[in-house]
Amino acid sequence: NNRGGFLLVVGITQNAKLLPPELVRIHRLEKEIRMEPPTQLQREEILGALLLSSSSSSMDGEQQQKYQDWVVSLSGPTAGFVAADLKRMLMDAWTSAQAEQQVAAISLTTTTTTTTTASEPQVAQVQMKWKHVEEAARRYVPSQLAQLDVIKTPT
């Protein structure tokens with residue numbers, strides 16, 4: 001403007017090759033900052049924060065150690081995952097654990113005869129197991145690959 005100010009424009013894209021050439025010409029965008037996916041150590045920190053913070057107050061030392069082992073085991077095979085991918089993967093695992101537990105509770109109530117008047121089976125706190133996490137990690141495609149229409153082959 002005429003008062004000596006400046007204009008700052010920030011643009012974000014997952015694929016710079018799709019930007020119009022008029023926009024990326026020399027001197028149109030002064031700076032390009034690339035955000036790479038987290039390293040294995042950074043993924044360990046993210047997974048640790050996601051797994052341990054969600055229920056750390058109700059976990060004993062053995063449970064915390066089990067989750068820490070999961071963090072170490074998951075950090076390698078999740079190369080290319082960003083924090084949102086890791087969170088969605090763990091939510092998928094938790095949802096699978098919850099569904100499995102609800103099915104077990106329903107089948108338990110239908111196989112036992114009871115004289116109580118409970119309208120719905122009582123489901124205890126969901127316990128996520130390694131098999132749930134492992135299955136979710138196997139199924140999940142990181143967002144960087146999903147935008148390229150990459151399909152994960154079954155292992």
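Here the CG-CG distance, from Leu90 to Leu51, works out to 5.0 Å after rounding to the nearest 0.5 Å. The line from CZ of Arg139 to OG of Ser96 is 4.5 Å long, rounded to the nearest 0.5 Å. Atom OH of Tyr140 sits about 8.5 Å away from atom CG of Leu86, to the nearest 0.5 Å. In this structure, Tyr67 OH and Leu47 CG are separated by 12.5 Å, a value rounded to the nearest 0.5 Å. Met128 CE to Gln101 CD: the interatomic distance, rounded to the nearest 0.5 Å, is 12.0 Å. The CD atom of Gln65 lies 4.5 Å from the CG atom of Asp69; values are rounded to the nearest 0.5 Å.
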- Query: Do Ser73 and Trp130 pass the side chain to side chain contact (heavy atoms under 4.5 Å, CB included) test, and can you show the C-alpha distance, the side-chain angles, and the key distance before you say yes or no?
  - Reply: CA-CA 10 Å; Ser73 298; Trp130 173 248; 3.7 Å; yes

- Item | Criterion side chain to side chain contact (heavy atoms under 4.5 Å, CB included) on Lys131 and Glu100, from CA distance to verdict | CA-CA 12 Å; Lys131 72 176 186 172; Glu100 183 180 284; 3.0 Å; yes

- Task: Evaluate the side chain to side chain contact (heavy atoms under 4.5 Å, CB included) criterion for residues Leu74 and Met89: first the C-alpha distance (whole Å), next the side-chain angles of each, then the deciding distance (0.1 Å), finally the verdict.
- Result: CA-CA 11 Å; Leu74 281 172; Met89 180 194 68; 4.1 Å; yes

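Defined by atom type and a distance below 3.5 Å, a donor-acceptor pair is missing between the side-chain atoms of Arg43 and Ser75.
Distance alone, capped at 3.5 Å, places no donor-acceptor pair between the Thr78 side chain and the Phe81 backbone. The backbone N or O of Thr39 sits less than 3.5 Å from a side-chain atom of Gln42, completing a donor-acceptor pair.
With a 4.5 Å cut-off on side-chain heavy atoms, Val82 and Pro142 do not count as touching.
Applying the side-chain hydrogen bond (donor to acceptor under 3.5 Å, both in side chains) rule to Lys129 yields no partners; only residues at least two apart in sequence or on another chain are considered. Trp94 pairs by the ring-ring contact (aromatic ring centres under 6.0 Å, His included) definition with nothing, not counting sequence neighbours.
Note on residues 75-87: pairs passing salt bridge (Lys or Arg N to Asp or Glu O under 4.0 Å), not counting sequence neighbours, are Asp85-Arg88.
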